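Some notes on the structure that comes next.
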Amino acid sequence: MPRTQTIIRPSFPTDYQSILQRVYAINPVRYGRTRNYLDGAVSYLSPYITHGVLTLPQVRDMVLENYSVQQATDFIFQLTWREFFYRVWWQLGDDIWQDIKDPQQDIRTYEAPTAILDANTGIYALDEAVRVLYETGYMHNHARMWIASVACNVCGAYWKLPSQWLYYHLLDGDIASNTLSWQWVAGTFASKKYFANQANLNKYSGIEQHNTFLDVSYDELRSATIELPRELRLVTHLALQTPLPPPKPISIDTTKPLYLYHAWSLSPTWKANEDAERVLVLEPSHFQRYPISEKRVQFILALAKNIPNLKIFVGEYHQLPNLDKASQVVFQAHPAVNHWRGYATGPVWLFPQLPQKMYGSFFSYWKKAQRYLR
Ligand SMILES: Cc1cc2nc3c(=O)[nH]c(=O)nc-3n(C[C@H](O)[C@H](O)[C@H](O)COP(=O)(O)OP(=O)(O)OC[C@H]3O[C@@H](n4cnc5c(N)ncnc54)[C@H](O)[C@@H]3O)c2cc1C
């Protein structure tokens, strides 16, 4: 029997003051020492960063109010991963849905391993991480790597469908970070596949377990000769759907500038002091293509409440009433709203000094970025 330990179940408040307090609570020194452990001092900020409530430079600068760059470098390093993935998405667009560098090797299925979805792999740390995901909408970074590795590199699933399953349930589900991380683990956006064995899980989860299909050496794991339990060979085809709220008509005052928000630009400070009509546009076509859970929909609607007088429009951009009569349409640039017309602000980068282009690897981006750490 495994020595069981419950994995932390974080909660995610939605009011802006609590979110800011969470940023000030970060201790980047403890973070650097413990972030790989499931009970480490991670920030739990990703849902807010994903939805644009906080920007990366805002988080960095708030941390640097209390810590030196040297103390905060490990933390800024991780923020930079997110920026790197965004740079790649801006550059490649929909091509991030194809294997980026090399085709995935040894594919056995294009579906998702049922045992992972059912939290029934027999590996306590993995199953518990999936249960935490379903309960809270969060999974620790290391657990995400383990799950993706078992799904793609042990069970032989093509990365796409399992990645969509994880994206669906995460409160921080982010097309760039999620898709490109899965590709990184599966070896299609990295020089090799990522593997973790039971000893690694035991060390970082605090849960001691032996005699599992992962309780083997890395050579055995990589050689793909391990005996998979029958349950791990069963697969499920997922048909995920987004339960958006029903569309309701809205009116738009065309004498004011029209500030449009999307689900990734929910900052209460963006143009806060200006007099404008403000509308959050939830496009069904987007959420059909990239489904998210009911929990995530409710989270987005709760975050939207931080923006005074924000109207909610469930419909396509071109269906907005009186769009052609609006004196000015302004929104925050984002790859998911490239089809919107008007004045797009941003994007806001940690390292605006670096040109927008394809960076071949995270480390080539980090190497250039380091010059601008202040
Ligand atoms: C398979 C897989 C899927 C992932 N899917 C997503 C996703 O959909 N959305 C998402 O935001 N992150 C994703 N990540 C990255 C990372 O797991 C999460 O950002 C992190 O776990 C969020 O928790 P935190 O806010 O406590 O992070 P912290 O460790 O406290 O880091 C602070 C911030 O830095 C950024 N960050 C940290 N680590 C990474 C990383 N490895 N890659 C990119 N950004 C990082 C995030 O914005 C995070 O909020 C994924 C990683 C893997 C391996």
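As the structure lists them, so they are numbered: ligands from 1, and atoms in each ligand from 1. Numbering starts at 1 and runs along the sequence shown. Since the structure is predicted, the reported quantities are computational estimates derived from the model, not experimental observations.
Within ligand 1, the atoms closer than 4.0 Å to a non-hydrogen atom of L45 are 25 (O), 49 (O), numbered from 1 in the order shown. Set against the non-hydrogen atoms of L170, the atoms of ligand 1 under 4.0 Å away are 8 (O). Listed by number with element, the atoms of ligand 1 under 4.0 angstrom from any heavy atom of T50 are 11 (O). Residue contact check: G173 has heavy atoms under 4.0 Å from atoms 8 (O) of ligand 1. Counting the atoms of ligand 1 from 1 in the order shown, those under 4.0 Å from a heavy atom of I49 are 47 (O), 49 (O). Distances below 4.0 Å separate heavy atoms of L79 from the following atoms of ligand 1: 33 (C), 34 (O).
Ion pairing of R35 with D74 is absent here, as no side-chain N (NZ or NE/NH1/NH2) approaches a carboxylate O to less than 4.0 Å. A salt bridge links R289 with D94: the distance from a Lys NZ or Arg NE/NH1/NH2 to an Asp or Glu carboxylate oxygen falls below 4.0 Å. Ion pairing between a basic and an acidic side chain is recognised when a charged N comes within 4.0 Å of a carboxylate O; E128 and R9 show such pairing. Classification of D174 and R82 as a salt-bridged pair holds, one side-chain N sitting under 4.0 Å from a carboxylate O.
Although no hydrogens or angles enter the test, the distance criterion places a donor-acceptor pair under 3.5 Å between the side chain of Q356 and the main chain of R87. Of the possible polar contacts, one joining the S43 side chain to the L45 backbone as a donor-acceptor pair under 3.5 Å is found. Within the 3.5 Å criterion, the main-chain N or O of S251 finds a donor-acceptor partner in the side chain of K311.
At the shortest separation from atom 22 (C) of ligand 1 among protein heavy atoms lies S46 OG, 3.1 Å. Protein heavy atom at the shortest distance from atom 8 (O) of ligand 1 is D174 N, 2.9 Å. Given atom 27 (O) of ligand 1, the protein heavy atom at minimum distance is S43 OG, 4.0 Å. Looking only at heavy atoms of the protein, atom 39 (C) of ligand 1 is closest to Q78 NE2, 3.6 Å. Atom 53 (C) of ligand 1 has its closest protein heavy atom at M145 CG, 3.4 Å. Given atom 47 (O) of ligand 1, the protein heavy atom at minimum distance is R82 CD, 3.4 Å. In terms of protein heavy-atom proximity, atom 6 (C) of ligand 1 is nearest to R144 NH1, 3.1 Å. Here the protein heavy atom with the shortest distance to atom 26 (O) of ligand 1 is Y44 N, 2.7 Å.
Of the candidates F75, Y31, Y194, Y31 brings a heavy atom nearest to atom 28 (P) of ligand 1. Which of I76, N178, D172, V185 comes nearest to atom 9 (N) of ligand 1 through a heavy atom is settled by distance: it is D172. The option from G40, S149, S181 that lies nearest to atom 2 (C) of ligand 1, judged by heavy atoms, is S181.
A side-chain N or O of H51 and one of R296 form a donor-acceptor pair less than 3.5 Å apart. Judged purely by distance below 3.5 Å, without hydrogens or angles, the side chains of Q288 and H286 never pair a donor atom with an acceptor atom. When only modelled atom types and interatomic distance are considered, D253 and T255 share a side-chain donor-acceptor pair under 3.5 Å. No hydrogens or angles considered: nothing links the side chains of D172 and T50 as a donor-acceptor pair under 3.5 Å. Under 3.5 Å, the side chains of T188 and Q104 contain no donor-acceptor pair of N or O atoms. Side chains of E220 and S217: a donor-acceptor N/O pair is present below 3.5 angstrom, by distance only.
At least one N or O atom of Y138 sits closer than 3.5 Å to an N or O atom of ligand 1.
Counting heavy atoms under 4.0 Å from ligand 1, residue F85 touches it through the side chain alone. With a heavy-atom cut-off of 4.0 Å, N141 touches ligand 1 through backbone and side chain alike.
Under the 4.0 angstrom criterion for non-hydrogen atoms, W182 is in contact with ligand 1.
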